[in-house]
Q: 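I have a structure I would like to understand better, so I am pasting it below and will then ask my questions one at a time.
Counting starts at 1 for both ligands and their atoms, following the listed order.
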Amino acid sequence: MSIVTRVQDSEINPFEAVMSRFDIAAQKLNLDDGLYQFLRYPRREITVYIPVFMDTGRLQVFTGYRVQHNISRGPSKGGLRFAPDVTLDEIKALAAWMTWKCAVVNIPFGGAKGGVVCDPPQMSSGELERLTRRYTAELFEFLGPEKDVPAPDINTNEQIMAWVMDTYSMHARQTVTGVITGKPLELGGSAGRKEATGRGLMIVAVEACKKFNLAPQDTRVVIQGFGNVGSVTAQLLYEQGFKVVAVSDIRCGIYNPEGLDIPRVTEYQRRNRILDGYPEADRITNAELLELPCDILVPAATENQITSRNAPRIKARIIAEGANGPTTAKADLILESNHVFIIPDILANAGGVTVSYFEWVQDRQGYFWKESVVNERLGDYMTASFHEVVKYSETHNVNMRIASYMLAIDRVARGTRLRGIYA
Ligand code: NAD
């Protein structure tokens with residue numbers, strides 16, 4: 001990559017990504033300096049060292065983190081990721097991100113995030129279980145349905161959530177399902193949780209189309225990433241009559257300007273595990289996919305996909321962010337000057353945490369809702385939040401991302417002022 005086109009590290013640093021937006025929103029809100037300091041720093045960051053006997057009999061010590069950013073509006077909420085490149089800085093940024101995400105959709109949670117530096121594909125199921133249980137035991141007094149409620153994230157799944165729930169429950173001497181969300185249905189999980197992020201994304205994309213008078217059959221959609229979020233979004237938009245013209249996975253994209261038959265693409269991917277070779281489309285690169293002529297672009301793969309390098313060539317009218325942080329702050333400026341309407345990550349992909357909230361409510365009630373009820377309530381939350389952000393953006397003359405942050409910070413700041421700082 002040449003020096004001219006290289007994206008600077010500061011542009012793709014997660015802490016910079018969240019703080020640069022926070023700073024702009026805080027300034028526009030005229031947040032007083034004390035509150036600014038309070039909301040900028042996490043409430044607590046915990047590092048634990050986790051000894052695990054590996055299958056060889058060797059003892060290995062792993063480093064784990066849990067950062068609780070804010071609890072002004074309720075217990076903190078946020079995923080737990082297992083990955084070799086986890087850092088405390090990254091977890092701090094993601095914890096703050098969760099505070100704003102929960103506030104923007106108005107669910108009664110603060111934000112947190114956890115991570116363990118490890119390489120799950122290289123570990124056996126037994127090693128992962130011992131790691132998960134010891135991590136949970138080390139954090140026992142900091143977790144709980146009224147304190148901090150983790151959920152799945154990169155390389156963690158329903159089984160790992162079940163181990164967290166069981167370990168916590170064994171220490172508490174009672175079964176506490178509400179300590180974690182994203183659990184298997186048999187252990188207090190919620191119907192509709194797996195599809196919730198994609199469904200939420202579909203709902204806000206449909207609302208944006210109504211705003212711009214775009215009829216589904218005339219609306220071309222491009223989706224980067226065909227995993228949990230991307231494939232569900234593609235299927236649901238297809239069912240609504242949208243023309244999904246391109247999708248991709250990490251290897252490549254497939255493009256058919258006439259529209260892809262999404263159930264056939266899904267079936268092809270299920271059989272072959274990849275999209276490459278799908279017969280009724282052209283093969284394109286992920287970089288080409290982002291720049292295709294389309295009405296809606298859904299980056300649903302990973303962070304920092306739209307940067308100052310490719311933003312000038314993005315042709316979409318609407319970007320609905322499925323991934324966390326797919327667009328850099330520098331790219332935001334370019335897209336704004338090109339009048340691209342962005343539905344920002346903290347709003348667009350909040351369907352997952354909203355149904356996590358429903359899971360927590362159901363666990364506490366001990367009464368479980370039908371999937372149709374979950375989906376209907378998710379629709380209410382996502383639609384209301386989308387329109388609140390649009391209204392806020394129009395009233396304050398700011399773009400959708402800054403409006404989301406302002407709305408969220410304002411809600412958290414109000415909660416903080418009402419509670420006061422206990423000293
Ligand atoms: P996933 O692992 O199921 O799917 C990711 C998809 O993106 C796969 O198709 C993969 O091949 C593709 N991909 C990965 N790296 C890529 C790259 N560099 N270029 C192009 N494609 C790439 O993950 P997911 O659960 O669908 O999550 C996708 C994004 O959405 C992540 O940023 C995640 O943090 C975010 N997110 C997920 C949820 C959720 O509920 N799953 C909720 C909120 C946000």
Side-chain angles (χ1 to χ4, degrees), residues 7 12 14 17-18 77-83 85-86 90-91 93-94 97-98 100-102 104-105 107 111 113 115 120-121 150-158 161 181-182 189-190 192-202 204 222-236 246-254 265-266 268-270 272-276 278 283-291 297-307 310 320-327 343-359 378 382:
V7 174
I12 56 174
V18 65
K77 184 92 195 78
L80 166 63
R81 61 174 54 177
F82 285 179
D85 54 356
V86 163
E90 174 198 44
I91 299 295
L94 296 170
W97 219 315
M98 286 306 299
W100 315 130
K101 192 183 288 194
C102 292
V104 84
V105 285
I107 55 176
K113 200 82 183 185
D153 197 75
I154 295 171
N155 288 330
T156 57
N157 54 23
E158 286 190 345
M161 301 304 108
T181 60
S190 176
R193 171 65 184 87
K194 274 199 194 115
E195 299 79 25
T197 305
R199 181 173 294 278
L201 212 66
M202 176 273 285
V204 292
V222 166
I223 301 179
Q224 186 195 37
F226 204 67
N228 178 296
V229 179
S231 67
V232 172
T233 308
Q235 176 65 31
L236 293 177
V247 297
S248 70
D249 60 16
I250 194 162
R251 187 191 286 226
C252 71
I254 54 171
V265 173
T266 306
Y268 181 88
Q269 192 218 29
R270 197 188 58 76
N272 300 282
R273 294 172 152 259
I274 52 170
L275 296 169
D276 201 0
Y278 178 75
R283 185 188 200 276
I284 53 170
T285 65
N286 263 293
E288 288 165 340
L289 173 127
L290 294 171
E291 298 173 18
L297 172 63
V298 181
T302 185
E303 67 276 13
N304 300 321
Q305 295 302 296
I306 305 173
T307 67
N310 59 0
E321 296 182 333
N324 286 320
T327 311
I343 315 173
D345 46 13
I346 58 170
L347 170 64
N349 72 29
V353 76
T354 303
V355 174
S356 269
Y357 162 54
F358 297 163
E359 179 175 336
L378 173 63
M382 295 305 298

Q: Does D249 use its side chain to pair, donor to acceptor, with the backbone of G225 at less than 3.5 Å?
A: no
Q: Give every pair made of an N or O atom of ligand 1 and a protein N or O atom lying under 3.5 Å apart, one pair per line with both atom names and the distance to 0.1 Å, or write 'none'.
A:
residue	atom	partner	partner atom	Å
ligand 1	3 (O)	N228	N	2.9
ligand 1	9 (O)	F226	N	3.0
ligand 1	9 (O)	G227	N	3.3
ligand 1	11 (O)	I250	N	2.9
ligand 1	26 (O)	N228	N	3.1
ligand 1	26 (O)	V229	N	2.9
ligand 1	30 (O)	G322	O	3.4
ligand 1	32 (O)	N324	N	3.4
ligand 1	34 (O)	N324	ND2	3.3
ligand 1	40 (O)	T197	OG1	2.7

Q: Take K101 and N324 through the test side chain to side chain contact (heavy atoms under 4.5 Å, CB included) and record every step on the way to the result.
A: CA-CA 11 Å; K101 192 183 288 194; N324 286 320; 3.1 Å; yes
Q: Among T181, I107, V353, L378, which one satisfies side-chain contact (heavy atoms from CB on, under 4.5 Å) with F358?
A: L378
Q: I'd like to check the ring-ring contact (aromatic ring centres under 6.0 Å, His included) partners of Y357; sequence neighbours left out, ordered by chain and number.
A: F109
Q: So does T197 get a backbone contact from the side chain of N349, meaning a donor-acceptor N/O pair under 3.5 Å?
A: no
Q: Going by an N to O cut-off under 4.0 Å, is there a salt bridge joining K113 and E90?
A: no
